[in-house]
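The analysis underlying the following values was restricted to heavy atoms, covering all of them including side chains, and did not include hydrogens, waters or symmetry mates. A, B, ... follow the sequence lines: proteins, then strands. Residue 1 opens every chain.
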Protein chains: 2
Amino acid sequence: MEQTLEHARGGALAAALHRAGYKLTNPRLAVLYVLEGGMCHASPQEVYAAGCAVYPTLGLATVYRTLDILTELGLARPSYLGDAAQRFTLHHDHHHYHLVCDACGLITDVDEEALGSVTDEIAGRLGFRARGHYLEIYGVCQRCQSSN
Amino acid sequence: MEQTLEHARGGALAAALHRAGYKLTNPRLAVLYVLEGGMCHASPQEVYAAGCAVYPTLGLATVYRTLDILTELGLARPSYLGDAAQRFTLHHDHHHYHLVCDACGLITDVDEEALGSVTDEIAGRLGFRARGHYLEIYGVCQRCQSSN
DNA sequence: GTCCTAACTGAGAACTATTTTCAAGTAGGG
DNA sequence: CCCTACTTGAAAATAGTTCTCAGTTAGGAC
Ligand SMILES: [Zn+2]
Ligand SMILES: [Zn+2]
Ligand SMILES: [Zn+2]
Ligand SMILES: [Zn+2]
């Protein structure tokens, strides 16, 4: 278990936190480990549950605090994907969008450069200096269309 | 005051509710009156406060329930525009997007047909049947750029 | 290595937004 | 005008998130 935390220390997120002057504590490493392990689009509660498996005394407040730091550093962002909880999405290294299935909740990542230039163009035309944007497309996924 | 409620009865929203089989009660008419009076992007709390002015015994729960009905009927949708509360946006008759200013909170409506076809195309390519989408662009508005 | 201090922590209280419950009230078809 | 199913407001319940605070810890200075 200590082993897994040490593994997280070598990740890109840990490096970014360290660069920004944040201490690399075990609770934070546990959160980073969970996120880098593929748990994208996770609610704070889900990250907390998974984090407890590698660091049992992890507190929920620390999960929220760590997710806030990642957001502040531009490494993640909150998304509202249908349910009440705000889910956090890692940027990995590029901004991406989501297709959200209304029926089964499936979230499909889409990486579409074209859209970025469209939004920039719209914003620019209105004198608005765009810093980022947020897009979700909702509907019914392929599997749910056939199985009904 | 009774007069204002009667006025709301003649609106497009009231017609849609009636068509869907909902009763046109005074509390509902008060909410519709507020929304049609230009209070777009309003949080449930704000709708409640404004609604009390025309119908003093209005309850907050009824505001939530009425907004839910409008959402269900496709006449409005929730948006998360920076602050914690979910704000409701009337569709009027066309889907629109938002430019949200990080500095002053100004929300600018954008009606851009081009974007709809882009998102439909993306969804279609992935076998996804799009029902709608949700876009916010955030950054700094023109006024906040010059006054700093 | 040891010390030191500011940064960080978990637990639980507090806070906020939203939903549910329920007894009482009402719209509107018959 | 009468019913009755739908609707209501108030209050309680729930859920998500933030705050508080006393104790702990990372990591730079020595
Ligand atoms: Zn699906
Ligand atoms: Zn994603
Ligand atoms: Zn502004
Ligand atoms: Zn709008």
Separation of dT26(C) P from Arg9(B) CZ (nearest whole Å): 14 Å

Spacing between Leu29(B) atom CG and dG28(C) atom C1', to the nearest angstrom: 14 Å

Interatomic distance, Leu67(A) CG vs dT17(D) P [rounded to whole Å]: 10 Å

Under 3.5 Å: donor-acceptor pair, side chain of Glu46(A), backbone of Arg87(A): no

Any donor-acceptor pair under 3.5 Å from Tyr134(B) side chain to Tyr97(B) backbone: no

Side-chain (His91(B)) to main-chain (Gly74(B)) donor-acceptor, under 3.5 angstrom: yes

Separation of Leu126(B) CG from Asp109(A) CG (nearest 0.5 Å): 10.5 Å

Base versus backbone protein contacts along nucleotides 3-16 of chain D [heavy-atom cut-off under 4.0 Å; B, S, -]: --BBSBBB-----S

Spacing between Glu46(B) atom CD and dT18(C) atom P, to the nearest angstrom: 11 Å

5′-ward residue of the pair His18(B)/Pro44(B) relative to DNA chain C: Pro44(B)

By salt bridge (Lys or Arg N to Asp or Glu O under 4.0 Å) - contacts of Arg65(B) (at least two apart): none

d(CG, Leu17(A); P, dA26(D)) in whole Å: 15 Å

Side-chain donor-acceptor pairs under 3.5 Å in residues 12-25 of chain A, sequence neighbours left out?
from	atom 1	to	atom 2	distance (Å)
Tyr22(A)	OH	Glu72(A)	OE2	2.9
Thr25(A)	OG1	Arg28(A)	N	3.4

